[in-house]
Novice: 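My questions will all concern the structure given below.
Every chain is numbered from 1, with letters handed out A, B, ... down the list of sequences.
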There are 2 protein chains.
Amino acid sequence: MGLTEIVESIQIKYASLSTDCINELIGQLQIRSFAKNEIFVKEGQFSKKAYFIITGSARAYYYKNDKDVTDWFAFESEFICPIVSFFSDKPSPHYIQALEDSTLVEISKEAIDKLAKTHCELESLMKAIVTETMLKQQKRISSILFYSAEDKYKQLLEEYPTILSRIPLTHIASHLGMTLETLSRVRKVQN
Amino acid sequence: MGLTEIVESIQIKYASLSTDCINELIGQLQIRSFAKNEIFVKEGQFSKKAYFIITGSARAYYYKNDKDVTDWFAFESEFICPIVSFFSDKPSPHYIQALEDSTLVEISKEAIDKLAKTHCELESLMKAIVTETMLKQQKRISSILFYSAEDKYKQLLEEYPTILSRIPLTHIASHLGMTLETLSRVRKVQN
DNA sequence: CACACGATTTGATATAGATCAAATGATTTG
DNA sequence: CAAATCATTTGATCTATATCAAATCGTGTG
């Protein structure tokens with residue numbers, strides 16, 4: 001899959017871009033490869049890069065009272081970025097790590113913003129992505145507040161059916177806001 | 001405070017708009033007044049209106065297992081809208097209710113989108129508002145996951161120092177994801 | 001101004017999930 | 001290929017908060 005197809009598919013999903021804009025955008029993309037477990041964004045960095053996953057997977061995580069907490073997973077065709085640093089001018093509380101050998105497309109916020117000045121469609125596309133993220137978080141909030149450990153686990157499996165074979169349970173547990181032990185017990189009941 | 005000042009202040013906060021755009025925008029605004037406890041968006045509606053609070057306050061809430069759960073508060077100079085319905089094409093799970101006698105500015109998504117076609121700055125402004133909301137939710141997620149009932153209460157008071165005198169404790173409790181009884185006990189310890 | 005009803009507090013008990021500890025299972029590497 | 005290290009499970013106990021029930025406080029209305 002070339003960069004053109006990737007940009008095409010993103011553009012179809014979120015907001016259509018002119019050929020012109022697509023071409024200029026492609027010029028700003030970087031292909032990056034990371035080995036399994038490689039950390040490519042660190043806590044404290046001011047990183048304004050976003051990543052789109054071509055193959056593999058990644059997670060954003062942070063330390064809360066010395067505990068590693070996974071905040072966000074991303075798989076093929078999904079975005080990941082150090083959300084706080086990318087969108088505000090604060091250092092990132094998150095690390096980002098590849099969870100498998102992965103190939104990503106990198107783009108800087110600077111490049112996007114510059115391009116958006118002449119191509120408003122790109123601004124709409126960004127808005128669409130942020131809106132989608134916001135709605136996901138909206139869902140996550142109610143999931144955390146109202147579902148039992150078991151139900152949260154079921155929901156995650158529905159959203160990411162292949163996750164079990166790709167991601168260690170520790171990360172899944174911390175993302176679901178429960179301990180590893182609780183997740184293990186929930187899984188036993190499940191089947 | 002007239003509509004012009006309101007739009008000015010929003011534009012200063014999020015992304016500057018041309019005079020042209022401001023004027024056209026003002027033509028699309030509606031002043032609405034609601035009495036205390038009046039419900040102005042109902043569950044199940046497809047409502048694409050957003051509200052900016054001039055005076056008063058409002059909440060977005062929904063029913064979870066027959067329990068009234070407050071998802072969002074808004075006070076002077078903040079926005080509120082039926083987030084799911086506004087940004088996707090689904091019926092709103094939320095009701096929106098005035099919590100005091102309130103004056104709001106209403107605008108339809110249709111009007112915004114139409115204007116944004118000729119004024120890209122408006123698209124940027126929308127993006128900025130959605131981004132801000134997303135970052136707030138990000139914070140809320142970690143607050144729900146990691147803070148004790150007492151800490152969540154303290155945080156809310158810091159964010160909204162006047163909330164106690166304006167909003168009943170039931171709504172505060174459900175927004176913090178705890179029962180009214182727990183909130184009451186937390187408050188006793190506090191002071 | 002008193003009654004009534006909603007808001008808040010207080011008390012007793014139950015429970016989901018955390019914590020601590022250890023055993024077992026799986027996978028990487030020298 | 002075996003030791004070492006990491007991942008997962010299992011068990012026993014603890015705890016924050018929920019739940020259920022009832023008492024008190026406050027305030028809007030007739």
Novice: Tell me, please, which residues at least two apart from B/S124 pass side-chain contact (heavy atoms from CB on, under 4.5 Å).
Specialist: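 If we apply the side-chain contact (heavy atoms from CB on, under 4.5 Å) test to B/S124, skipping adjacent residues, the hits are A/E123, B/A15.
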
Novice: With a strict under 4.0 Å distance from non-hydrogen atoms of chain A, what nucleotide opens and what nucleotide closes the contacted stretch of DNA chain C, reading 5' to 3'?
Specialist: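 Under 4.0 Å from chain A, the extent on DNA chain C is C/dG17 to C/dA21.
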
Novice: Please tabulate the protein-to-nucleotide N/O contacts below 3.5 Å involving nucleotides 16-19 of chain D, giving atom names and distances.
Specialist:
| residue | atom | partner | partner atom | Å |
| --- | --- | --- | --- | --- |
| D/dT17 | OP1 | B/A149 | N | 2.9 |
| D/dA18 | OP2 | B/T179 | N | 3.3 |
| D/dA18 | OP2 | B/T179 | OG1 | 3.2 |
| D/dA18 | OP2 | B/T182 | OG1 | 2.4 |
| D/dT19 | OP2 | B/K67 | NZ | 3.4 |
| D/dT19 | O4 | B/R185 | NH2 | 3.1 |

Novice: Check the orientation of A/Y61 and A/Y63. Use parallel for under 30°, tilted for 30 to 60°, and perpendicular for over 60°.
Specialist: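 Perpendicular, since the angle between the ring planes exceeds 60°.
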
Novice: For B/S16, check side-chain contact (heavy atoms from CB on, under 4.5 Å) against everything at least two apart and list the hits.
Specialist: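 Testing B/S16 for side-chain contact (heavy atoms from CB on, under 4.5 Å), a comparison that skips the adjacent residues, returns B/Q11.
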
Novice: Quick one: salt bridge (Lys or Arg N to Asp or Glu O under 4.0 Å) pairs with a partner in residues 57-70 of chain B, sequence neighbours left out?
Specialist: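 For residues 57-70 of chain B: B/R59-B/D68.
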
Novice: Rounded to whole Å, how long is the line connecting atom CD1 of A/I167 with atom P of D/dA7?
Specialist: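 Rounded to the whole Å, the gap is 13 Å.
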
Novice: How would you list all residue pairs meeting side-chain hydrogen bond (donor to acceptor under 3.5 Å, both in side chains) that involve residues 18-27 of chain A, not counting sequence neighbours?
Specialist: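 Passing the test, one end in residues 18-27 of chain A: A/S18-A/E121, A/E24-A/H119.
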
Novice: Among all residues two or more places apart in sequence or in another chain, which pass the side-chain contact (heavy atoms from CB on, under 4.5 Å) test with A/E43?
Specialist: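 For A/E43, the residues satisfying side-chain contact (heavy atoms from CB on, under 4.5 Å) (neighbours in sequence not counted) are A/Y95.
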
Novice: Return the set of residues passing side-chain contact (heavy atoms from CB on, under 4.5 Å) with B/A60 (not counting sequence neighbours), or none when no residue passes.
Specialist: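 Per chain and number, B/A60 pairs via side-chain contact (heavy atoms from CB on, under 4.5 Å) with B/W72, B/I80, B/H94, B/I96.
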
Novice: Could you write out DNA chain D as dot-bracket? Rules: Watson-Crick or G-U wobble, both distances under 3.5 Å, brackets [ ] for crossings, | for pairs with another strand, dot for unpaired.
Specialist: ||||||||||||||||||||||||||||||

Novice: For B/F86, what residues pass the ring pair (Phe, Tyr, Trp, His ring centres under 6.0 Å) criterion, not counting sequence neighbours?
Specialist: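 B/F86 satisfies ring pair (Phe, Tyr, Trp, His ring centres under 6.0 Å) with no other residue.
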
Novice: Using the test salt bridge (Lys or Arg N to Asp or Glu O under 4.0 Å), find all partners of A/K152 that sit at least two apart in sequence or belong to another chain.
Specialist: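 Here no residue qualifies.
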
Novice: Please give, in whole Å, the distance from D/dG11 C1' to A/L180 CG?
Specialist: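 From A/L180 CG to D/dG11 C1': 15 Å.
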
Novice: Scan residues 86-107 of chain B for pairs that pass salt bridge (Lys or Arg N to Asp or Glu O under 4.0 Å), counting only residues two or more places apart or in two chains.
Specialist: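 Only B/R32-B/E106, B/K48-B/D89, B/K49-B/E106, B/E100-B/R166 qualify under salt bridge (Lys or Arg N to Asp or Glu O under 4.0 Å).
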
